[in-house]
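Have a look at the structure below, then the notes.
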Amino acid sequence: MKSLRNSELDASVIDWPVHMQRALDLARHVITATPNPRVGCVLVKDNEVVGEGWHRGPGLPHAEVVALGQAGANAEGATAFVSLEPCAHQGRTGPCCEALQAAGVKQVVLPIVDPNPQVSGKGIAFLEQNGIEVFRLSDFAAAASSINPGFMRRMETGLPLVRLKLAMSLDGRTALANGESKWITGTGARSDVQLLRAGSSAVLTGIGTVLADDPQLNVRVEDLDISETQKLTNETNLAKQPLRVVLDSQLHTPDTSKLVNSQGRVIIFGNAGSVSRRKAPGDHVEMVAVDCPDGRVDLRSVLHSLATDFACNEILVEAGPTLSGAFLDAGLVDELIIYMAPKIFGADARPLFGSTGLQSLAEARQFTIEEVSVVGDDLKIILSPQVKN
Ligand SMILES: NC(=O)c1ccc[n+]([C@@H]2O[C@H](COP(=O)([O-])OP(=O)(O)OC[C@H]3O[C@@H](n4cnc5c(N)ncnc54)[C@H](OP(=O)(O)O)[C@@H]3O)[C@@H](O)[C@H]2O)c1
């Protein structure tokens with residue numbers, strides 16, 4: 001495989017970055033393909049796009065196969081631009097490398113090697129062994145990885161990506177002293193959260209929130225602020241709800257809760273004793289025993305289980321101050337998303353995080369602001385935690 005920077009491309013391939021960008025745009029268009037990565041593919045022959053495709057989710061044709069289907073006989077002699085190394089293994093669908101070879105594709109251009117050990121480098125090796133030239137456009141590597149941050153993280157570390165989302169007032173409060181918290185933010189922010197949920201493999205909360213708010217934590221497609229085209233292209237994956245996960249050491253989640261009684265799979269993590277005593281209230285609810293040092297479920301073990309047993313790439317934590325603080329204190333938050341409503345709740349209202357006891361500002365957890373935007377009437381702030389040396 002030859003690695004090239006955009007500045008190294010000669011006149012004959014000057015439009016390669018345009019096609020690679022299009023393949024990445026197609027992949028980004030996919031809200032989720034969990035547990036698979038979001039992938040886009042563009043087939044080009046004689047400077048004309050002859051096929052395009054993206055992957056809609058497990059068991060469905062991969063992006064390359066969709067694009068080949070569109071191109072038909074025009075795939076012969078074409079160049080394939082794919083946002084991730086084509087797969088070489090038989091999964092729920094056949095190997096894309098073989099499909100590309102069978103269709104007579106002569107070149108494959110990709111930005112990154114697939115970190116999945118079942119694929120990594122094997123797709124490239126197969127293509128090259130079969131006379132197909134493979135090029136890597138290294139300037140697109142970071143953008144391609146950013147389309148699948150959770151998939152990359154799971155393949156590389158065995159843990160999913162964790163986004164912690166919280167809504168707060170201008171004075172950093174999440175509920176009134178009497179517990180009232182609906183709604184802190186406006187409809188725009190709440191619709192934005194729906195999109196975050198839709199893009200996640202799992203939405204995770206604590207038993208405190210289940211008991212206080214009785215949430216469903218599901219995706220309501222009608223509330224998603226996306227175009228009709230995006231709704232149509234994501235029809236299959238949006239029909240499947242993300243896993244709903246509750247951390248509930250003593251298994252106090254009521255059988256009557258909305259979470260348990262709404263459509264979609266629910267996983268409740270608790271201690272082994274409680275799990276052995278409690279009967280799941282339906283086939284869609286699984287009670288999973290996990291390490292509980294200090295009497296509470298161990299967050300790292302939960303994440304490990306979500307990655308290995310449930311193939312979760314991206315986790316959205318929507319919990320109260322106790323569990324949110326615990327995730328932060330354990331250093332397990334990759335992205336913090338705050339929706340800030342322009343309201344004042346006062347000093348007796350409840351805090352954002354339960355953590356206490358700092359003695360100096362030097363001990364304060366520090367974040368980098370990645371993005372700030374106005375969503376409806378509220379402010380959305382995306383932050384990444386700074387790693388202390
Ligand atoms: N503003 C927002 O964005 C937002 C979002 C969600 C909720 N809320 C509000 O938050 C309030 C509830 O907050 P909360 O703090 O009581 O509930 P929470 O953070 O949702 O859940 C806390 C519970 O999680 C369980 N848990 C399991 N493992 C844990 C661990 N390793 N570390 C910490 N906790 C663990 C604990 O119960 P066990 O020990 O029994 O397991 C703990 O009491 C409600 O008023 C709700 O409206 C606000």
Side-chain angles (χ1 to χ4, degrees), residues 27-39 54-60 62-63 83-84 91-92 114-119 145-165 192-206 209 215-221 224 226 230 233-247 259 262-269 284-286 288 290 297 299-319 323-324 327 332-337 382:
R28 215 178 272 284
H29 198 69
V30 177
I31 293 175
T32 181
T34 188
N36 295 347
R38 305 169 178 97
V39 182
W54 58 89
H55 176 49
R56 290 167 194 252
L60 296 168
H62 287 191
S83 64
L84 187 68
R92 279 168 285 231
D114 190 331
N116 180 353
Q118 281 185 300
V119 180
S145 297
S146 75
I147 295 171
N148 290 297
F151 177 79
M152 307 300 278
R153 170 68 58 88
R154 175 162 72 92
M155 292 301 151
E156 285 163 6
T157 69
L159 291 176
L161 180 102
V162 177
R163 294 194 175 92
L164 171 58
K165 163 259 150 186
D192 202 55
V193 171
Q194 286 286 317
L195 198 53
L196 280 179
R197 284 184 188 169
S200 304
S201 311
V203 180
L204 182 152
T205 193
T209 297
Q216 294 193 50
L217 297 180
N218 56 358
V219 177
R220 293 176 293 277
V221 177
L224 289 174
I226 54 175
Q230 210 179 358
T233 50
N234 283 281
E235 205 169 24
T236 341
N237 32 7
L238 287 178
K240 207 174 127 206
Q241 289 287 335
L243 285 179
R244 276 96 39 84
V245 178
V246 187
L247 305 196
L259 196 91
S262 48
Q263 197 213 337
R265 212 167 151 203
V266 177
I267 316 288
I268 308 179
F269 285 97
H284 65 298
V285 183
E286 262 176 83
V288 179
V290 71
V297 303
L299 301 184
R300 192 170 281 275
S301 305
V302 166
L303 293 182
H304 186 259
S305 170
L306 286 175
T308 53
D309 306 327
F310 300 98
C312 289
N313 297 329
E314 297 172 36
I315 309 288
L316 181 67
V317 178
E318 292 192 52
L323 190 55
S324 300
F327 264 99
L332 292 171
V333 176
D334 299 298
E335 195 173 286
L336 176 60
I337 303 178
I382 303 180

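Numbering starts at 1 and runs along the sequence shown.
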Legend entry - R300, CZ: over 12 other non-hydrogen atoms inside 6.0 angstrom: no
Inset, instruction - Determine whether more than 12 heavy atoms belonging to other residues, nucleotides or ligands lie under 6.0 Å from atom NE2 of H304. - result: no
Validation row: [X], [Y] side chains within 4.5 angstrom (heavy atoms):
X: N313; Y: N148; result: no
X: L217; Y: L316; result: no
X: P149; Y: E314; result: yes
X: D114; Y: F151; result: yes
X: P58; Y: P35; result: yes
X: E318; Y: V193; result: yes

Residue pair [X] / [Y]: nearest heavy atoms and the distance that separates them:
X: P160; Y: L303; answer: CD-O, 3.3 Å
X: R163; Y: E335; answer: NE-OE2, 3.1 Å
X: P115; Y: E156; answer: CB-OE2, 3.9 Å
X: P242; Y: V219; answer: CD-CG2, 3.6 Å
X: G206; Y: V246; answer: C-CG1, 4.2 Å
X: L60; Y: H55; answer: O-CE1, 3.3 Å

Inset, instruction - Examine the side chains of N237 and R56 and answer whether a donor and an acceptor come within less than 3.5 Å of each other. - result: no
Inset, instruction - Assess whether side-chain contact (heavy atoms from CB on, under 4.5 Å) is satisfied between E286 and R265, documenting all intermediate values. - result: CA-CA 8 Å; E286 262 176 83; R265 212 167 151 203; 2.9 Å; yes
Legend entry - Criterion side-chain contact (heavy atoms from CB on, under 4.5 Å) against D334, the qualifying member of L161, L164, I315: L161
Inset, instruction - Please assess L204 against F269 for the test side-chain contact (heavy atoms from CB on, under 4.5 Å), listing each intermediate value before the final yes or no. - result: CA-CA 10 Å; L204 182 152; F269 285 97; 5.9 Å; no
